[in-house]
Amino acid sequence: MGRLVNTRELRDLSEGEEVVVRGWVYRWRDLGKRVFIVVRDAYGIVQVVASKDYTDSMSFKVAREASIESSVIVEGIVRRDKRAPGGVEIRAKKINLVHKAEEFPIKGGEGIDFLLDNRHLWIRSRRLTAVWRLRQNLFNAFREFFHKEGYFEVSPPMLTQAAVEGGATLFKVDFFGRPAYLTQSAQFYLEVMIFSLEKVWTLAPSFRAERSRTRRHLYEYWHLEAEAAWSRMDDMMDLVSRLVAYTVNRVLETSQEELSILGRNTELLEPARKPAYPRIMYEEAIDILKRKGVDVKYGDDLGADEERVLTSEFETPFYITLFPLELKSFYMKEDESNPGLALAFDLLAPEGVGEIVGGSEREDDYEKLKNRIISRGYNVEDYNWYLDLRRYGSVPHSGFGLGVERLIMWIAGLDHIRDTIPFPRFRDRIYP
RNA sequence: GCCGGGGUAGCUCAGCUAGGUAGAGCGCCGGGCUGUUAACCCGGUGGUCGGGGGUUCAAGUCCCCUCCCCGGCGCCA
């Protein structure tokens with residue numbers, strides 16, 4: 001019996017080697033005296049050929065009965081053949097039908113509603129499997145990057161007591177009779193951690209009950225967040241640029257095959273390999289939009305349409321900085337040299353993807369922060385422990401949050417966020 | 001929350017404007033085929049038209065209510 005190999009290892013084997021491959025039936029064609037079975041595993045596909053000439057008679061019978069998505073173990077000999085997809089195939093000696101699948105509901109051509117109802121089966125498609133592999137490579141890149149930068153990975157809570165900002169978009173849960181909420185952001189907890197570890201990051205889910213219905217929104221998404229003591233806004237933007245450029249480079253190095261399956265034009269990612277992303281001030285963004293004929297005025301928030309116009313101006317991700325204070329969250333620090341402006345930044349991805357990062361320098365003065373909380377109409381008591389951080393050795397500090405699925409959308413060139421995560425959570429859809 | 005589109009066979013859809021006993025393609029099942037690539041050829045199988053009420057001799061089609069899904073906006077990452 002040959003050695004067990006997966007379909008990726010198989011590509012490098014030479015003619016005549018005896019191997020064992022196991023996987024699921026992806027395509028099946030019976031030509032009478034010869035049966036072609038394309039077998040799928042985690043890494044790809046390989047064509048298995050069964051013939052009366054070299055396959056034992058029981059196995060040949062099995063080959064003729066194998067249905068789509070049946071699980072099989074195949075013993076056979078590697079053959080290089082131009083007619084096989086990928087140029088390599090296996091001449092089957094023995095085929096073990098581990099489980100004969102019932103009629104598989106997904107056959108191609110289904111609509112999105114049907115596919116989402118069958119996500120637990122759709123998950124194994126070649127295209128989605130490529131996304132999961134790319135996602136793995138992206139997560140590895142995050143860890144490598146922060147390790148190199150000297151950041152500590154920390155584990156913030158998912159169950160929280162109070163709102164970070166605004167309460168309408170929180171998912172409420174019952175915490176032994178008391179109200180609790182699923183976290184929207186780890187930011188406040190990361191701010192706590194910098195007084196212990198100085199530079200921290202986390203990769204964790206965030207939950208937002210925004211009633212959004214767009215191809216860029218999930219109710220549960222993976223949030224990459226970092227926070228650093230002594231870091232000013234410009235330092236943080238430098239870090240974000242290095243992070244995004246590093247990630248783009250690593251994905252281009254490790255995921256060529258996946259990007260190819262997804263049909264991504266990787267030329268469009270080349271300019272983003274260098275961490276030199278343009279920075280424009282909010283005021284400049286407004287000017288650009290006016291010049292483009294968009295009906296906006298200073299003080300307006302930038303919506304999806306405005307972002308789309310702006311992203312068409314750049315080939316790389318770019319920053320918008322220094323927003324009017326009232327457009328941004330209460331914890332963002334006011335720029336001393338530009339009163340009325342927040343030391344805040346958004347990073348927008350090109351090709352119409354839009355905002356992928358939001359960050360800022362945090363207000364580190366106790367009185368100023370408290371006044372901001374009061375002027376927004378929030379309860380000061382809800383923020384006691386957060387305010388405490390400004391009472392015991394407060395330091396300048398900055399941080400950011402990155403939407404992992406939006407980053408994947410851009411890098412992988414996907415037109416809908418649902419394909420970036422195995423089980424996308426949308427409004428009115430919690431099954432499966 | 002608002003605007004728009006949709007729910008008819010297992011799947012994708014046509015039929016609705018001008019009411020008259022429900023259609024196609026794919027799939028599936030059976031047979032054939034020595035190299036297929038979404039294989040091909042022949043034969044077969046398919047539906048309380050999302051749910052409820054109304055108008056009518058007659059409703060998939062017209063009217064009212066309701067449920068569900070999709071796309072977009074606001075908000076955000």
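Chain A is the first sequence line, chain B the second, and so forth, proteins listed ahead of strands; every chain is numbered from 1.
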I'd like a table of atom pairs between the protein and nucleotides 23-29 of chain B - only N or O on both sides, under 3.5 Å - with the distance next to each one.
unit_1, atom_1, unit_2, atom_2, d
rG27(B), O2', Lys107(A), NZ, 3.1

How far, in whole Å, is rC16(B) from rA22(B) if one measures between their C1' atoms? 13 Å
Under 4.0 Å between any heavy atoms, over every strand shown, what does Val38(A) touch: base, sugar-phosphate, or nothing? Just pick one. nothing
Can we say Arg264(A) and Glu258(A) salt-bridge, meaning some charged N sits less than 4.0 Å from an Asp/Glu carboxylate O? no
Can you tell me the base-pairing partner of rC29(B)? Count Watson-Crick or G-U wobble geometry only, both distances below 3.5 Å, and say none if there is no partner. rG43(B)
Determine which pairs satisfy salt bridge (Lys or Arg N to Asp or Glu O under 4.0 Å) with at least one residue from residues 21-31 of chain A, sequence neighbours left out, and list them in order. Asp30(A)-Arg64(A)
Cationic N near anionic O, under 4.0 Å, Glu69(A) to Arg40(A): yes
Rounded distance (Å) that lies between atom P of rU12(B) and atom CG of Leu115(A): 8 Å
C1'-based separation of rG15(B) from rU34(B) [nearest Å]: 45 Å
Which residue pairs pass the side chain to side chain donor-acceptor pair (under 3.5 Å) test when at least one of the two sits in residues 43-55 of chain A, sequence neighbours left out? Gln47(A)-Glu89(A)
Need one value for Asp53(A): base, sugar-phosphate or nothing, where a base atom within 4.0 Å counts as base even if backbone is also close, heavy atoms only. nothing
Can you check whether Tyr189(A) and Trp385(A) have ring centres sitting under 6.0 Å from each other? yes
Could you state the atom-to-atom distance from NZ of Lys328(A) to P of rC75(B) in whole Å? 11 Å
Are Glu361(A) and Lys328(A) ion-paired here, with the side-chain N under 4.0 Å from a carboxylate O? no
Please determine, for the side chain of His223(A), which listed nucleotide (rU36(B), rA77(B), rC33(B)) has the closest atom? rA77(B)
Using purine N1 to pyrimidine N3 plus N6-O4 or O6-N4 for Watson-Crick, or N1-O2 and O6-N3 for G-U wobble, each under 3.5 Å, what pairs with rC2(B)? rG72(B)
Check this for me, if you would: do Lys93(A) and Glu75(A) make a salt bridge, where the nitrogen-to-carboxylate-oxygen distance has to be below 4.0 angstrom? no
Should rA59(B) form a Watson-Crick or G-U wobble pair with both distances under 3.5 Å, which nucleotide is its partner? none
For Tyr246(A) together with Phe142(A), are the ring centres under 6.0 Å from each other? no
Under 4.0 Å, counting only non-hydrogen atoms across every strand here, what does Phe114(A) touch: a base, just sugar-phosphate, or nothing? sugar-phosphate
How many whole angstroms separate atom CD of Glu110(A) from atom P of rG10(B)? 14 Å
Cation-pi check for Trp122(A) against Arg119(A): NZ or CZ below 6.0 Å from the six-membered ring centre and within 45 degrees of the axis, yes or no? yes
Earlier contact from the 5' end, RNA chain B, for Gly32(A) and Gly111(A): Gly111(A)
Below 3.5 Å is the cut-off: list the nitrogen or oxygen pairs between protein and nucleotides 4-8 of chain B, distance only.
none

Once you apply a heavy-atom cut-off of 4.0 Å, does Asp346(A) come out as touching a base, just sugar-phosphate, or nothing? nothing
So, Phe207(A) versus Tyr219(A), ring centres under 6.0 angstrom or not? no
Expressed as a whole number of angstroms, how long is the span from Leu31(A):CG to rG32(B):P? 13 Å
Round to a whole Å and report the spacing from CZ of Phe207(A) to C1' of rC76(B). 16 Å
So what does Glu102(A) touch, heavy atoms closer than 4.0 Å: a base, only the sugar-phosphate, or nothing? nothing
Geometric cation-pi criterion Arg279(A) and Tyr319(A), 6.0 Å radius, 45° cone: yes
Can we say Arg362(A) and Glu227(A) salt-bridge, meaning some charged N sits less than 4.0 Å from an Asp/Glu carboxylate O? yes
Integer-rounded Å distance: rA77(B) P and Leu407(A) CG: 15 Å
Out of rA77(B), rU12(B), rU36(B), which nucleotide sits closest to the side chain of Glu89(A)? rU36(B)
Could you tell me the separation between the CD atom of Glu220(A) and the P atom of rA77(B), rounded to a whole number of Å? 17 Å
Heavy-atom nearest nucleotide on RNA chain B taken for Arg83(A) and for Gly403(A); more 5' hit belongs to Arg83(A)
Same-atom distance (C1') from rC11(B) to rU45(B), integer angstrom: 15 Å
Taking any heavy-atom pair under 4.0 Å as a contact, classify Glu405(A): base, sugar-phosphate, or nothing. nothing
Under the rule for side chain to side chain donor-acceptor pair (under 3.5 Å), what residues qualify as partners of Asp364(A), not counting sequence neighbours? none
Figure out the CD1/P separation between Ile320(A) and rC76(B), and round it to whole Å. 13 Å
Walk along nucleotides 68-74 of chain B from 5' to 3' and tag each nucleotide B, S or - by protein heavy-atom contact under 4.0 Å, base first, then sugar-phosphate. -SBBBBB
With respect to the side chain of Arg27(A), which nucleotide from rA38(B), rC76(B), rC33(B) is positioned closest? rA38(B)
